[in-house]
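Below: the structure, in C-alpha coordinates.
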Amino acid sequence: MIIQMQLSNNKPIIHSANRDNILIAAKMLQSGAQIGGGEIVAFPTETVYGLGAAAHDELAVQKIYTAKGRPSNNPLIIHVDGLEMAQQYGVFNERALALAKDFFPAPLTLVVPLRKETVASGALAGGDTVAIRCPSHPVALALIKAAGFGIAAPSANISGEISPTTAQHVATEFAHLPLFILDGGACEVGLESTVLDCTGDELRILRHGSIFAMDMNCSPLEGERVSRAISEGKPWGADNNFIKSTLKSSIKSPGQFSSHYAPKSLLHLNVVSPEPYELYLGFGDYHVNTALNLSESGCLIEAAHNLYDYLRRLDEIAQNNANISNIACAPIPNQGLGIAINDRLARAAFAK
Ligand code: TXA
Ligand code: MG
(Lines give C-alpha, C1' and ligand atoms only; values in the text may rest on other atoms or scores of the structure.)
(Ligands and ions follow the chains in the order given, each with its own letter.)
Protein backbone atom coordinates (compact mmCIF):
# COMPACT_ATOMS: atom_id res chain seq x y z
CA MET A 1 0.00 0.00 0.00
CA ILE A 2 2.68 2.49 1.08
CA ILE A 3 4.82 1.37 -1.81
CA GLN A 4 2.06 1.78 -4.37
CA MET A 5 1.47 5.30 -3.09
CA GLN A 6 5.17 6.13 -3.39
CA LEU A 7 5.35 4.86 -6.97
CA SER A 8 2.00 5.96 -8.34
CA ASN A 9 3.42 8.58 -10.73
CA ASN A 10 5.39 7.56 -13.76
CA LYS A 11 8.29 9.81 -12.86
CA PRO A 12 10.90 10.04 -10.10
CA ILE A 13 9.98 11.72 -6.83
CA ILE A 14 12.57 13.36 -4.59
CA HIS A 15 11.94 12.90 -0.86
CA SER A 16 13.90 14.64 1.87
CA ALA A 17 15.96 12.05 3.73
CA ASN A 18 14.19 12.33 7.09
CA ARG A 19 13.61 9.38 9.41
CA ASP A 20 10.13 8.54 8.03
CA ASN A 21 11.26 8.53 4.42
CA ILE A 22 14.33 6.43 5.20
CA LEU A 23 11.99 3.87 6.81
CA ILE A 24 9.70 3.89 3.77
CA ALA A 25 12.72 3.37 1.49
CA ALA A 26 13.87 0.47 3.68
CA LYS A 27 10.40 -1.12 3.44
CA MET A 28 10.49 -0.80 -0.33
CA LEU A 29 13.81 -2.65 -0.41
CA GLN A 30 12.40 -5.34 1.91
CA SER A 31 9.20 -5.87 -0.07
CA GLY A 32 10.55 -8.60 -2.37
CA ALA A 33 8.77 -11.63 -0.96
CA GLN A 34 5.26 -10.20 -1.40
CA ILE A 35 5.41 -8.60 -4.82
CA GLY A 36 7.89 -10.48 -6.95
CA GLY A 37 11.04 -8.54 -6.27
CA GLY A 38 11.61 -5.62 -3.93
CA GLU A 39 11.73 -2.08 -5.24
CA ILE A 40 14.86 -0.15 -6.10
CA VAL A 41 15.52 3.20 -4.43
CA ALA A 42 18.10 5.94 -4.98
CA PHE A 43 20.06 7.18 -1.98
CA PRO A 44 22.99 9.50 -1.23
CA THR A 45 26.46 8.35 -0.30
CA GLU A 46 29.51 10.51 0.41
CA THR A 47 30.85 9.73 -3.10
CA VAL A 48 27.91 9.74 -5.55
CA TYR A 49 24.23 8.74 -5.42
CA GLY A 50 23.53 5.00 -5.60
CA LEU A 51 20.64 3.03 -7.12
CA GLY A 52 19.99 0.31 -4.54
CA ALA A 53 18.33 -3.10 -4.27
CA ALA A 54 18.43 -5.74 -1.53
CA ALA A 55 21.72 -7.58 -2.12
CA HIS A 56 20.03 -11.00 -1.90
CA ASP A 57 17.01 -10.14 -4.09
CA GLU A 58 17.62 -11.48 -7.61
CA LEU A 59 14.59 -9.77 -9.19
CA ALA A 60 15.26 -6.41 -7.58
CA VAL A 61 18.90 -6.55 -8.70
CA GLN A 62 17.68 -7.19 -12.26
CA LYS A 63 15.62 -4.00 -12.02
CA ILE A 64 18.84 -2.05 -11.49
CA TYR A 65 20.44 -3.48 -14.65
CA THR A 66 17.28 -2.77 -16.66
CA ALA A 67 16.88 0.80 -15.36
CA LYS A 68 20.52 1.67 -16.05
CA GLY A 69 20.92 -0.28 -19.28
CA ARG A 70 23.96 -1.77 -17.56
CA PRO A 71 25.79 -4.69 -19.18
CA SER A 72 25.12 -7.85 -17.17
CA ASN A 73 28.86 -8.61 -17.01
CA ASN A 74 29.50 -5.60 -14.77
CA PRO A 75 29.06 -6.56 -11.08
CA LEU A 76 27.68 -4.33 -8.32
CA ILE A 77 29.12 -3.09 -5.04
CA ILE A 78 27.38 -4.35 -1.88
CA HIS A 79 26.93 -1.54 0.66
CA VAL A 80 27.08 -2.59 4.31
CA ASP A 81 26.79 -0.83 7.67
CA GLY A 82 30.03 -2.20 9.10
CA LEU A 83 32.46 -5.06 9.33
CA GLU A 84 30.03 -7.58 10.78
CA MET A 85 27.63 -7.24 7.85
CA ALA A 86 30.56 -7.14 5.43
CA GLN A 87 31.62 -10.58 6.61
CA GLN A 88 28.19 -12.00 5.83
CA TYR A 89 28.91 -11.34 2.15
CA GLY A 90 32.66 -11.70 1.74
CA VAL A 91 35.56 -13.66 3.17
CA PHE A 92 38.07 -11.27 4.70
CA ASN A 93 41.63 -12.50 5.11
CA GLU A 94 43.90 -10.84 7.63
CA ARG A 95 44.95 -8.06 5.30
CA ALA A 96 41.42 -7.25 4.09
CA LEU A 97 40.26 -7.30 7.70
CA ALA A 98 42.96 -4.84 8.72
CA LEU A 99 42.00 -2.51 5.85
CA ALA A 100 38.30 -2.70 6.73
CA LYS A 101 39.06 -1.98 10.38
CA ASP A 102 41.31 0.94 9.48
CA PHE A 103 39.10 2.57 6.88
CA PHE A 104 35.40 1.62 7.15
CA PRO A 105 33.25 3.66 6.85
CA ALA A 106 34.96 5.32 3.88
CA PRO A 107 34.97 5.82 0.11
CA LEU A 108 36.83 2.53 -0.20
CA THR A 109 35.51 -0.66 -1.85
CA LEU A 110 37.25 -3.96 -1.07
CA VAL A 111 37.02 -6.85 -3.54
CA VAL A 112 37.21 -10.13 -1.61
CA PRO A 113 36.21 -13.79 -2.18
CA LEU A 114 32.45 -14.33 -2.06
CA ARG A 115 30.81 -16.01 0.92
CA LYS A 116 28.56 -18.44 -0.94
CA GLU A 117 24.86 -17.92 -1.60
CA THR A 118 24.47 -14.63 0.21
CA VAL A 119 24.39 -12.32 -2.81
CA ALA A 120 22.03 -12.45 -5.80
CA SER A 121 24.05 -14.00 -8.62
CA GLY A 122 22.99 -11.19 -10.98
CA ALA A 123 24.89 -8.70 -8.83
CA LEU A 124 28.11 -10.71 -9.21
CA ALA A 125 28.16 -11.11 -12.99
CA GLY A 126 29.04 -14.75 -12.57
CA GLY A 127 32.19 -14.05 -10.57
CA ASP A 128 33.31 -15.61 -7.31
CA THR A 129 34.45 -12.35 -5.75
CA VAL A 130 32.36 -9.57 -4.24
CA ALA A 131 32.98 -5.83 -3.95
CA ILE A 132 32.00 -4.49 -0.53
CA ARG A 133 31.90 -0.96 0.80
CA CYS A 134 30.74 0.72 3.99
CA PRO A 135 29.68 4.27 3.08
CA SER A 136 30.13 7.07 5.61
CA HIS A 137 27.05 9.09 4.61
CA PRO A 138 24.60 9.05 7.56
CA VAL A 139 21.58 8.54 5.26
CA ALA A 140 23.19 5.56 3.51
CA LEU A 141 24.13 4.03 6.86
CA ALA A 142 20.65 4.64 8.32
CA LEU A 143 19.03 3.05 5.25
CA ILE A 144 21.21 -0.08 5.44
CA LYS A 145 20.56 -0.40 9.19
CA ALA A 146 16.80 0.05 8.74
CA ALA A 147 16.72 -2.52 5.92
CA GLY A 148 18.78 -4.98 7.96
CA PHE A 149 20.78 -6.28 4.99
CA GLY A 150 23.37 -5.19 2.44
CA ILE A 151 22.32 -3.00 -0.48
CA ALA A 152 23.64 -3.73 -3.97
CA ALA A 153 24.11 -0.37 -5.66
CA PRO A 154 25.87 1.09 -8.66
CA SER A 155 25.99 4.83 -9.26
CA ALA A 156 22.47 6.12 -10.03
CA ASN A 157 23.01 7.08 -13.67
CA ILE A 158 22.25 5.57 -17.05
CA SER A 159 25.16 3.28 -17.87
CA GLY A 160 28.16 5.15 -19.30
CA GLU A 161 26.92 8.61 -18.36
CA ILE A 162 28.09 11.03 -15.68
CA SER A 163 27.58 9.85 -12.09
CA PRO A 164 25.03 11.88 -10.08
CA THR A 165 26.09 13.96 -7.10
CA THR A 166 22.68 15.47 -6.28
CA ALA A 167 19.13 14.08 -6.03
CA GLN A 168 18.17 16.31 -8.96
CA HIS A 169 20.86 14.69 -11.13
CA VAL A 170 19.28 11.29 -10.37
CA ALA A 171 15.81 12.56 -11.27
CA THR A 172 17.17 13.94 -14.56
CA GLU A 173 18.83 10.59 -15.38
CA PHE A 174 15.68 8.54 -14.75
CA ALA A 175 13.08 11.06 -15.91
CA HIS A 176 10.55 8.37 -16.92
CA LEU A 177 10.99 5.94 -14.05
CA PRO A 178 8.74 5.98 -10.97
CA LEU A 179 11.80 6.11 -8.74
CA PHE A 180 11.89 6.90 -5.02
CA ILE A 181 14.88 9.20 -4.42
CA LEU A 182 16.15 10.06 -0.95
CA ASP A 183 17.63 13.56 -1.02
CA GLY A 184 20.65 13.89 1.27
CA GLY A 185 22.11 16.99 -0.39
CA ALA A 186 25.18 17.24 -2.60
CA CYS A 187 27.69 14.39 -2.16
CA GLU A 188 30.74 15.61 -0.29
CA VAL A 189 33.48 13.73 -2.17
CA GLY A 190 31.90 13.82 -5.64
CA LEU A 191 33.93 10.94 -7.18
CA GLU A 192 33.27 7.20 -6.89
CA SER A 193 35.07 5.13 -4.27
CA THR A 194 38.56 3.70 -4.64
CA VAL A 195 38.18 0.01 -5.63
CA LEU A 196 40.87 -2.24 -4.18
CA ASP A 197 41.39 -5.87 -5.20
CA CYS A 198 42.27 -7.87 -2.08
CA THR A 199 42.04 -11.32 -3.69
CA GLY A 200 45.60 -11.74 -4.98
CA ASP A 201 49.05 -11.79 -3.44
CA GLU A 202 49.33 -8.06 -3.98
CA LEU A 203 46.76 -5.39 -3.21
CA ARG A 204 45.85 -3.61 -6.44
CA ILE A 205 43.82 -0.51 -7.12
CA LEU A 206 41.17 -1.22 -9.76
CA ARG A 207 39.70 2.29 -9.66
CA HIS A 208 41.29 5.43 -8.25
CA GLY A 209 39.37 7.49 -5.71
CA SER A 210 39.96 9.69 -2.71
CA ILE A 211 41.69 6.98 -0.64
CA PHE A 212 45.23 6.84 -2.00
CA ALA A 213 47.53 3.93 -2.85
CA MET A 214 50.16 5.17 -0.42
CA ASP A 215 47.63 5.21 2.44
CA MET A 216 46.93 1.53 1.82
CA ASN A 217 50.46 0.49 0.95
CA CYS A 218 49.57 -1.06 -2.40
CA SER A 219 50.26 -0.74 -6.10
CA PRO A 220 48.15 1.69 -8.13
CA LEU A 221 47.74 -0.64 -11.10
CA GLU A 222 44.57 0.45 -12.85
CA GLY A 223 45.04 3.94 -14.22
CA GLU A 224 48.80 3.80 -13.77
CA ARG A 225 49.40 4.12 -17.49
CA VAL A 226 46.73 6.79 -17.79
CA SER A 227 48.42 8.71 -14.99
CA ARG A 228 51.78 8.37 -16.68
CA ALA A 229 50.36 9.57 -19.99
CA ILE A 230 48.95 12.62 -18.28
CA SER A 231 52.13 13.46 -16.38
CA GLU A 232 54.18 13.05 -19.56
CA GLY A 233 51.90 15.61 -21.15
CA LYS A 234 50.97 13.45 -24.16
CA PRO A 235 48.66 15.36 -26.47
CA TRP A 236 45.36 13.59 -26.07
CA GLY A 237 41.66 13.90 -26.28
CA ALA A 238 38.63 12.11 -27.58
CA ASP A 239 40.25 11.00 -30.81
CA ASN A 240 43.78 10.24 -29.65
CA ASN A 241 44.91 6.70 -30.39
CA PHE A 242 47.55 6.70 -27.71
CA ILE A 243 45.07 7.30 -24.92
CA LYS A 244 42.57 4.86 -26.46
CA SER A 245 45.00 1.97 -26.39
CA THR A 246 46.27 2.99 -22.97
CA LEU A 247 42.80 2.99 -21.50
CA LYS A 248 41.87 -0.30 -23.17
CA SER A 249 44.93 -2.11 -21.92
CA SER A 250 44.52 -0.89 -18.35
CA ILE A 251 41.07 -2.45 -17.81
CA LYS A 252 41.27 -4.75 -14.81
CA SER A 253 37.79 -4.34 -13.36
CA PRO A 254 34.84 -5.39 -15.52
CA GLY A 255 33.19 -2.02 -15.08
CA GLN A 256 36.19 0.04 -16.00
CA PHE A 257 35.24 0.36 -19.64
CA SER A 258 37.08 3.08 -21.46
CA SER A 259 34.11 5.25 -22.27
CA HIS A 260 32.50 6.17 -19.00
CA TYR A 261 31.41 9.19 -16.99
CA ALA A 262 30.83 10.83 -20.36
CA PRO A 263 28.99 14.03 -21.25
CA LYS A 264 27.14 14.14 -24.58
CA SER A 265 29.46 16.87 -25.88
CA LEU A 266 33.05 16.24 -26.89
CA LEU A 267 35.53 16.96 -24.13
CA HIS A 268 39.09 18.14 -24.77
CA LEU A 269 41.62 17.91 -21.97
CA ASN A 270 44.74 19.76 -20.82
CA VAL A 271 43.60 22.90 -22.66
CA VAL A 272 45.46 26.06 -21.70
CA SER A 273 43.99 28.46 -24.27
CA PRO A 274 40.42 27.59 -25.21
CA GLU A 275 39.02 28.55 -28.62
CA PRO A 276 36.02 30.89 -28.80
CA TYR A 277 33.80 27.95 -29.77
CA GLU A 278 34.84 25.93 -26.68
CA LEU A 279 33.21 26.10 -23.24
CA TYR A 280 36.07 26.24 -20.75
CA LEU A 281 36.11 24.32 -17.49
CA GLY A 282 38.85 26.11 -15.58
CA PHE A 283 40.99 25.16 -12.60
CA GLY A 284 42.94 27.53 -10.36
CA ASP A 285 44.85 30.06 -12.45
CA TYR A 286 43.63 28.57 -15.72
CA HIS A 287 40.56 30.71 -16.11
CA VAL A 288 40.72 32.44 -19.51
CA ASN A 289 37.12 32.93 -20.72
CA THR A 290 36.11 30.46 -18.06
CA ALA A 291 32.51 29.24 -18.06
CA LEU A 292 33.01 27.50 -14.70
CA ASN A 293 36.07 27.06 -12.49
CA LEU A 294 36.44 23.70 -10.67
CA SER A 295 38.30 25.49 -7.90
CA GLU A 296 39.49 29.08 -8.03
CA SER A 297 42.00 28.41 -5.28
CA GLY A 298 43.33 25.31 -7.09
CA CYS A 299 42.01 22.92 -4.42
CA LEU A 300 41.69 19.34 -5.71
CA ILE A 301 39.13 18.37 -3.06
CA GLU A 302 36.87 21.21 -4.17
CA ALA A 303 37.49 20.30 -7.82
CA ALA A 304 36.45 16.66 -7.24
CA HIS A 305 33.32 17.82 -5.43
CA ASN A 306 32.34 20.09 -8.35
CA LEU A 307 33.50 17.95 -11.29
CA TYR A 308 30.38 15.99 -12.26
CA ASP A 309 27.96 18.82 -11.52
CA TYR A 310 29.98 21.25 -13.64
CA LEU A 311 30.36 18.75 -16.49
CA ARG A 312 26.59 18.29 -16.50
CA ARG A 313 25.97 22.05 -16.51
CA LEU A 314 28.43 22.74 -19.33
CA ASP A 315 27.10 19.79 -21.31
CA GLU A 316 23.60 21.22 -21.15
CA ILE A 317 24.81 24.64 -22.35
CA ALA A 318 26.90 23.07 -25.13
CA GLN A 319 24.05 20.84 -26.30
CA ASN A 320 21.72 23.84 -26.60
CA ASN A 321 24.12 26.30 -28.24
CA ALA A 322 24.98 25.99 -31.92
CA ASN A 323 28.08 28.19 -31.50
CA ILE A 324 29.71 25.81 -29.04
CA SER A 325 31.42 22.75 -30.45
CA ASN A 326 32.86 21.16 -27.32
CA ILE A 327 33.90 21.46 -23.68
CA ALA A 328 37.58 22.12 -22.92
CA CYS A 329 39.08 21.37 -19.53
CA ALA A 330 42.13 23.00 -17.96
CA PRO A 331 45.11 20.84 -16.91
CA ILE A 332 44.62 19.24 -13.49
CA PRO A 333 47.79 18.41 -11.53
CA ASN A 334 48.27 14.64 -11.58
CA GLN A 335 48.90 14.09 -7.91
CA GLY A 336 46.80 13.08 -4.91
CA LEU A 337 43.11 13.40 -5.72
CA GLY A 338 44.15 14.79 -9.14
CA ILE A 339 44.94 11.19 -10.22
CA ALA A 340 41.30 10.14 -9.72
CA ILE A 341 40.02 13.36 -11.33
CA ASN A 342 42.27 12.85 -14.38
CA ASP A 343 41.22 9.20 -14.60
CA ARG A 344 37.53 10.21 -14.82
CA LEU A 345 38.28 13.03 -17.26
CA ALA A 346 40.21 10.64 -19.52
CA ARG A 347 37.22 8.30 -19.62
CA ALA A 348 34.80 11.19 -20.15
CA ALA A 349 36.90 12.37 -23.12
CA PHE A 350 37.02 8.93 -24.69
CA ALA A 351 34.80 8.80 -27.78
CA LYS A 352 31.88 6.37 -27.42
O1 TXA B 1 31.42 5.31 -4.77
C2 TXA B 1 30.97 4.30 -5.29
O3 TXA B 1 31.63 3.25 -5.40
C4 TXA B 1 29.53 4.36 -5.83
C5 TXA B 1 28.58 4.53 -4.65
C6 TXA B 1 27.13 4.46 -5.05
O7 TXA B 1 28.90 3.61 -3.65
N8 TXA B 1 29.22 3.16 -6.57
C9 TXA B 1 29.73 2.93 -7.80
O10 TXA B 1 29.25 1.76 -8.37
O11 TXA B 1 30.52 3.67 -8.34
P12 TXA B 1 29.48 1.41 -9.91
O13 TXA B 1 28.69 0.21 -10.17
O14 TXA B 1 29.17 2.60 -10.73
O15 TXA B 1 31.00 1.04 -9.98
C16 TXA B 1 31.45 -0.14 -9.31
C17 TXA B 1 32.76 -0.57 -9.87
C18 TXA B 1 32.63 -1.03 -11.31
O19 TXA B 1 33.77 -0.62 -12.01
C20 TXA B 1 32.59 -2.57 -11.15
O21 TXA B 1 33.04 -3.26 -12.29
C22 TXA B 1 33.53 -2.77 -9.98
O23 TXA B 1 33.23 -1.69 -9.10
N24 TXA B 1 33.27 -4.06 -9.33
C25 TXA B 1 32.14 -4.47 -8.71
N26 TXA B 1 32.27 -5.74 -8.27
C27 TXA B 1 33.52 -6.13 -8.60
C28 TXA B 1 34.26 -7.33 -8.43
N29 TXA B 1 33.74 -8.40 -7.80
N30 TXA B 1 35.53 -7.38 -8.91
C31 TXA B 1 36.09 -6.31 -9.53
N32 TXA B 1 35.43 -5.13 -9.74
C33 TXA B 1 34.17 -5.05 -9.28
MG1 MG C 1 29.03 3.95 -12.17
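Remember, it's 1-based here, ligands and their atoms both numbered in the order they're listed.
Heavy-atom contacts of Leu206 reach the following atoms of ligand 1: 31 (C) (cutoff under 4.0 Å). Within ligand 1, counting atoms from 1 as listed, the ones closer than 4.0 Å to a heavy atom of Ser155 are 8 (N), 9 (C), 10 (O), 12 (P), 14 (O). Interface atoms of ligand 1 facing Thr47, defined by a heavy-atom separation under 4.0 Å, are 1 (O), 2 (C), 4 (C), 5 (C). Listed by atom number, the atoms of ligand 1 under 4.0 Å from Ala131 heavy atoms are 25 (C), 26 (N), 27 (C), 29 (N). Each of the following atoms of ligand 1 lies closer than 4.0 Å to a heavy atom of His79: 5 (C), 6 (C), 7 (O). Numbered from 1 in the order shown, with element, the atoms of ligand 1 that lie under 4.0 Å from a heavy atom of Ser193 read 1 (O), 2 (C), 3 (O). Within ligand 1, the atoms closer than 4.0 Å to a non-hydrogen atom of Pro154 are 10 (O), 12 (P), 13 (O), numbered from 1 in the order shown. Per-residue contacts place Asn74 under 4.0 angstrom from the following atoms of ligand 1 (heavy atoms of the residue considered): 18 (C), 20 (C), 21 (O).
Ligand 1 has no nitrogen or oxygen under 3.5 angstrom from a nitrogen or oxygen of Thr109. By the 3.5 Å distance cut-off applied to N or O atoms, Lys68 is not counted among the residues near ligand 1. Taking distance alone, with nitrogen or oxygen atoms compared against 3.5 Å, Tyr49 stays at or beyond that limit from ligand 1.
From Asn306, atom CG reaches atom CG of Leu292 across 8.5 Å, with rounding to the nearest 0.5 Å. To the nearest 0.5 Å, atom CD of residue Glu278 and atom NE2 of residue His268 are 6.5 Å apart. For the atom pair CG (Asn326) and CG (Asp315), the distance works out to 11.0 Å, reported to the nearest 0.5 Å. Interatomic distance, Thr166 OG1 to Tyr308 OH, rounded to the nearest 0.5 Å: 14.0 Å.
Side chain of Tyr286 to backbone of Cys329: no donor-acceptor contact under 3.5 angstrom is found.
The aromatic rings of Phe149 and His56 sit perpendicular to each other, their planes meeting at more than 60°, with 30° as the lower class boundary.
The proximity of His137 to ligand 1, defined as any non-hydrogen pair under 4.0 Å, does not occur for either the backbone or the side chain.
For a distance bound of 2.8 Å, the N, O or S atoms of Asn157 include none lying that close to the Mg ion (ligand 2).
The pair Glu46-Arg133 counts as a salt bridge, with a side-chain nitrogen and a carboxylate oxygen less than 4.0 angstrom apart.
Closest non-hydrogen pair, Phe283 versus Pro333, comes out as CE2-CD, 3.5 Å. Pairing each heavy atom of Val91 with each of Leu114, the nearest pair is CG2-O, 4.0 Å.
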